[in-house]
Amino acid sequence: MELPINVMSCRSFLALLGPTFPGRLWCVWELFTLFAFTRSEQALERICLKQLDEELCDQLLLKLSHFDVLLAECFNPNQQARLLRVIRALGCDLFNERIRLLARQ
């Protein structure tokens with residue numbers, strides 16, 4: 001429950017991107033938290049993406065450019081249902097577009 005407070009109190013947001021990042025709901029949840037409480041332009045200025053494997057950079061950017069939050073999963077299906085309920089309330093399509101925009105930056 002403290003994640004939004006922690007994310008919003010930071011001047012920058014470091015996202016460490018590995019090959020499974022787009023499919024892990026807890027990973028994209030952190031980005032969702034940032035996008036939910038700030039305008040896209042402000043969020044994009046704060047996000048710093050770092051690739052964990054430079055050889056997979058193009059593949060990862062392709063995954064992010066076609067991102068669909070409904071394909072991301074949690075190990076625990078109850079947590080997944082709770083997170084998706086919140087994301088759906090604010091708009092899956094809007095969040096998908098913001099992640100896709102991030103991939104184009």
Side-chain angles (χ1 to χ4, degrees):
M1 294 300 171
E2 297 172 1
L3 181 65
I5 295 168
N6 292 333
V7 169
M8 296 311 300
S9 66
C10 296
R11 285 178 274 160
S12 61
F13 183 100
L14 175 63
L16 301 174
L17 305 179
T20 61
F21 183 90
R24 301 178 122 196
L25 190 55
W26 275 110
C27 293
V28 296
W29 172 256
E30 293 173 351
L31 288 173
F32 174 80
T33 302
L34 180 62
F35 280 120
F37 294 103
T38 59
R39 293 191 333 257
S40 291
E41 303 82 31
Q42 290 174 325
L44 292 170
E45 289 175 4
R46 293 171 62 185
I47 297 171
C48 177
L49 298 178
K50 293 293 182 190
Q51 305 284 339
L52 294 177
D53 187 343
E54 290 297 324
E55 293 178 10
L56 300 175
C57 180
D58 291 338
Q59 292 175 351
L60 186 55
L61 288 178
L62 183 63
K63 284 182 182 180
L64 289 175
S65 69
H66 294 15
F67 179 78
D68 184 347
V69 70
L70 297 178
L71 299 177
E73 299 177 323
C74 287
F75 178 76
N76 182 322
N78 294 319
Q79 289 178 346
Q80 182 171 329
R82 282 194 298 260
L83 293 176
L84 286 175
R85 192 170 28 252
V86 173
I87 292 170
R88 282 186 180 114
L90 292 175
C92 292
D93 291 337
L94 178 62
F95 180 56
N96 288 339
E97 282 305 313
R98 289 180 174 177
I99 294 297
R100 293 171 190 160
L101 180 63
L102 180 62
R104 292 190 296 268
Q105 296 290 315

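We're numbering straight along the sequence, starting at 1. As the structure is a prediction and not an experimental result, all values here were calculated from the model.
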Carefully, step by step, assess Val28 and Phe67 under the rule side-chain contact (heavy atoms from CB on, under 4.5 Å). CA-CA 10 Å; Val28 296; Phe67 179 78; 3.6 Å; yes
(request) Using the side-chain contact (heavy atoms from CB on, under 4.5 Å) rule, take Leu31 and Ile47 through it: C-alpha gap first, then chi angles, then the decisive distance, then the call. (result) CA-CA 9 Å; Leu31 288 173; Ile47 297 171; 3.9 Å; yes
*Walk me through it: do Leu83 and Trp26 pass the test side-chain contact (heavy atoms from CB on, under 4.5 Å)?*
CA-CA 8 Å; Leu83 293 176; Trp26 275 110; 3.8 Å; yes
| field | Test side-chain contact (heavy atoms from CB on, under 4.5 Å) applied to Arg46 and Thr38, step by step | value | CA-CA 10 Å; Arg46 293 171 62 185; Thr38 59; 3.8 Å; yes
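Note that the CH2 atom of Trp29 and the CG atom of Leu34 stand 12.5 Å from one another [nearest 0.5 Å]. Atom CZ in Arg98 sits 10.5 Å away from atom CZ in Arg39 (nearest 0.5 Å). Here the straight-line distance linking atom CZ of Phe21 with atom CD of Gln51 works out to 10.5 Å at 0.5 Å rounding. Between the CG atom of Asp93 and the CD atom of Glu97 there is a distance of 7.5 Å, given to the nearest 0.5 Å. Distance check: Leu17 CG to Leu60 CG gives 5.0 Å after rounding to the nearest 0.5 Å.
Under a cut-off of 6.0 angstrom, the local environment of CZ in Arg24 is sparse, with at most 12 non-hydrogen atoms contributed by other residues, nucleotides or ligands.
Checked options Leu101, Leu44, Leu94, Leu90; the residue passing with Phe35 is Leu44 (criterion: side chain to side chain contact (heavy atoms under 4.5 Å, CB included)).
Here the side chain of Gln80 pairs no donor or acceptor atom with the backbone of Glu73 at under 3.5 angstrom.
Closest of all the heavy-atom pairs between Ala72 and Pro22 is CB-O, 3.8 Å. Taking each heavy atom of Ala103 and Leu64 in turn, the nearest pair found is CB-CB, 3.6 Å.
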